[in-house]
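Remarks on the structure that follows.
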Amino acid sequence: MTSFVVSSGGAGYGFLVDDQGRLRQAGFGPDVDAHMQRLPAGIPPALYPMAYPAYDEEPTRAPSLRVTHSDGTTTTRLKVEDVREVGAETTVLLTDSDCPLEVKLCFHAEDHGVLRQWVRVTNRQPGAVTLHEVAAASPLLAAASPHLTHFGGGDWSAEWTTTVEALTPGTKVVDSRGGVQPHLRSCPYFLLAPDRSAGESDGTVLAGALAWGGNTRFAFERTTAPTVRIWCGHNPATAEYVLDPEATFVTPEQVWLWSTEGVGPLSRRLHRWVREHATRDGDQLRPIVVNNWEATSFSFDTERLLGFIDKTADLGAELFLLDDGWFGDSHPRNDDTAGLGDWEVDQSKLPGGLGPLTARADERGVRFGLWIEPEMVSPDSTLYTQHPDWVVSQPARHRRQWRNQFVLDVLQPDVADFVLGVVDRVLGENPGISYLKWDANRPLTDPGSPTLGADRQANYWFDHARATWRLMETLAERHPEQTLMLCASGGGRADLGSLRWFHEVWLSDNTDPVARLHMQWAASHFLPANVIAAHVTREGDRPVAFGCAVAMSARFGFDLDFAGLTDEDLIVCRNAVALYREIRPLVQQGDLWRLEPPSERAAIAYVSADGRSAVLFAFQLTRRTNDTEPLRAAGLDPDRTYDIVAIDLAAGPDGTRSDVERRAGAVLMETGLEWPLCDPCTARIWVLQSS
Ligand code: DGJ
């Protein structure tokens with residue numbers, strides 16, 4: 001075989017094998033069959049770039065793979081040994097015959113045009129090899145004017161900050177570090193438009209996502225030739241991996257999706273795939289959550305929490321989530337300096353334990369959720385006193401605290417058993433719990449473990465991420481009835497690999513609705529609304545009605561001190577809950593149409609799969625000074641006539657809803673709705689229904 005294609009929905013790779021048996025890449029794009037048919041005749045395969053160049057194979061470009069072999073050889077030469085297609089999976093086996101090494105490039109064609117890709121490296125040498133860099137994927141694509149969109153603010157509370165930039169000659173690296181909460185720094189997602197920046201409904205664009213809960217790296221290598229090579233994988237910085245004879249190293253998976261019709265269709269297809277394949281129970285509606293963290297921090301007692309549970313029921317919300325601070329019997333967690341690891345209820349704060357709380361929740365028809373941070377320990381805890389050797393550390397170094405805590409070394413079997421045992425015990429003792437928020441509030445430092453030999457401490461970065469996944473997977477398997485939220489100091493873990501065992505992600509600790517609107521917009525390129533937990537808080541001091549509207553455009557909830565709200569604001573919250581119950585199937589399962597990006601104003605719509613119903617959200621962010629354009633809908637059926645109800649959550653119990661009129665889908669999309677908002681931080685919601 002000298003040429004073959006690996007694709008999903010027509011998009012993917014075209015490969016050639018040259019006369020030396022080396023794998024060459026002849027195309028990577030949205031219509032690869034047509035591309036391969038158009039390849040100019042007479043050009044020998046050897047003139048095409050290498051598909052997965054090992055170190056020294058393409059000396060002027062960054063390698064996909066760099067290995068030091070057991071005899072000290074630093075170069076690798078790979079030849080195609082086999083290409084196998086079994087169902088949706090294609091495996092290309094490459095081998096180095098001088099320094100026996102197997103490299104399998106693995107591809108899986110998925111629904112909705114998604115292509116998953118990863119690499120397996122097996123050491124066939126008598127001694128250990130060192131893997132310095134192993135890309136999960138490293139395609140080369142034709143790109144006359146490449147524009148990259150990447151997401152991340154570099155730190156806590158700035159997750160999903162969007163940057164769009166034209167790639168210029170050189171290498172642009174977008175990477176993340178920190179081990180436990182890497183995506184605080186940079187989200188493992190990007191968009192690349194090869195020819196110019198793509199619009200919502202026009203232009204060719206590629207979505208890339210690395211499904212990895214550890215450190216990630218994307219590198220975009222551009223030359224003056226109209227090409228970009230994209231290196232995707234776990235971050236190799238400080239993480240060279242020692243691989244024993246006959247052992248196999250499996251990279252994280254890279255997820256690809258192409259669109260030739262802009263980013264709107266790309267996101268809608270990806271949302272379906274994420275709901276169906278990349279998160280738990282993606283077809284089920286998520287509850288409306290009341291969380292106490294932003295309202296109480298660590299200061300609460302049973303009475304106060306019962307008040308929250310009652311308020312959850314009174315509002316019509318469906319689940320109360322008790323956050324940090326409920327545990328630490330002999331080292332009470334009254335602030336972040338103590339108690340992590342001691343997962344016994346703090347009886348001085350909550351006499352009688354969680355029982356009275358879960359009982360009240362049950363009585364009021366509300367589900368009960370609990371916060372845990374199982375990977376961590378406070379130095380001021382019984383656990384640390386008993387097991388100081390359970391923390392991630394290096395023997396000669398003073399242990400570094402971060403938020404007054406250490407990371408548990410989950411590579412140690414006793415530690416892994418302890419973590420799972422804690423969850424089993426807490427859930428066993430409190431059968432009323434049906435939701436867990438898994439948090440992680442510090443990065444990994446002093447990476448090292450006695451479970452790894454002195455010559456392979458750098459394996460820690462990779463092995464720690466895999467070991468943490470095993471815990472998450474086991475928890476999800478043992479407790480399938482639990483709804484799970486993924487959180488790490490905010491959105492520090494937000495990848496499509498970790499999400500497999502979770503229902504939703506906490507996007508950021510920045511809950512100012514103006515900032516959240518930008519973050520939700522950014523995240524919506526990849527994640528559907530049912531995965532994005534969004535709670536109303538007082539951060540930013542914005543009107544509650546505006547905060548509600550922003551949160552209602554994702555998985556809705558509250559983090560409010562209801563006792564401090566005015567009667568008017570409580571009515572707003574109650575109306576918001578009632579409305580969300582009505583529109584929830586649309587928001588959580590409908591198709592997203594991004595109408596206007598956040599600037600002076602913003603708008604999105606969710607439309608049912610059959611086009612019969614829709615909900616439109618309009619947000620005014622800054623004061624409007626002149627006449628303004630109408631809001632043009634999208635995604636509707638042009639031939640249907642829709643009944644339109646306008647909702648202003650701030651208008652009080654009587655003025656909340658007003659019938660606008662009936663209009664044809666075509667009119668709504670061409671002429672639009674009059675933009676009704678003027679004041680900053682106001683919102684309007686329209687519900688559209690056709691028979
Ligand atoms: C960080 C999370 O993002 C917050 O929502 C909250 O759970 C705190 N940790 C608790 O310590």
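In listed order, ligands and their atoms are each counted from 1.
A distance limit of 4.0 angstrom between heavy atoms and ligand 1 selects the residues W293, D323, D324, W371, R403, K437, D439, N441, C487, S489, G490, W506, D509.
Atom CH2 of W521 has more than 12 neighbouring heavy atoms from other residues, nucleotides or ligands inside a 6.0 Å radius.
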*H150 and S186: CA distance, side-chain angles, deciding distance, side chain to side chain contact (heavy atoms under 4.5 Å, CB included) verdict*: CA-CA 8 Å; H150 55 100; S186 168; 5.9 Å; no
Compile the donor-acceptor pairs under 3.5 Å between side chains in residues 413-424 and protein atoms, sequence neighbours left out, one pair per line.
unit_1	atom_1	unit_2	atom_2	d
D424	OD1	H479	NE2	2.7
D424	OD2	R478	NH1	2.4

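Between Y606 and F617, the two ring planes are perpendicular [angle over 60°; tilted spans 30° to 60°].
Every residue meeting the salt bridge (charged side-chain N to carboxylate O under 4.0 Å, His left out) condition with D323, not counting sequence neighbours, appears here in chain and number order: K437.
Residue pairs that meet the side chain to side chain donor-acceptor pair (under 3.5 Å) test with at least one member in residues 485-495, sequence neighbours left out, are Q181-S489, E375-R493, N441-S489, D495-S498.
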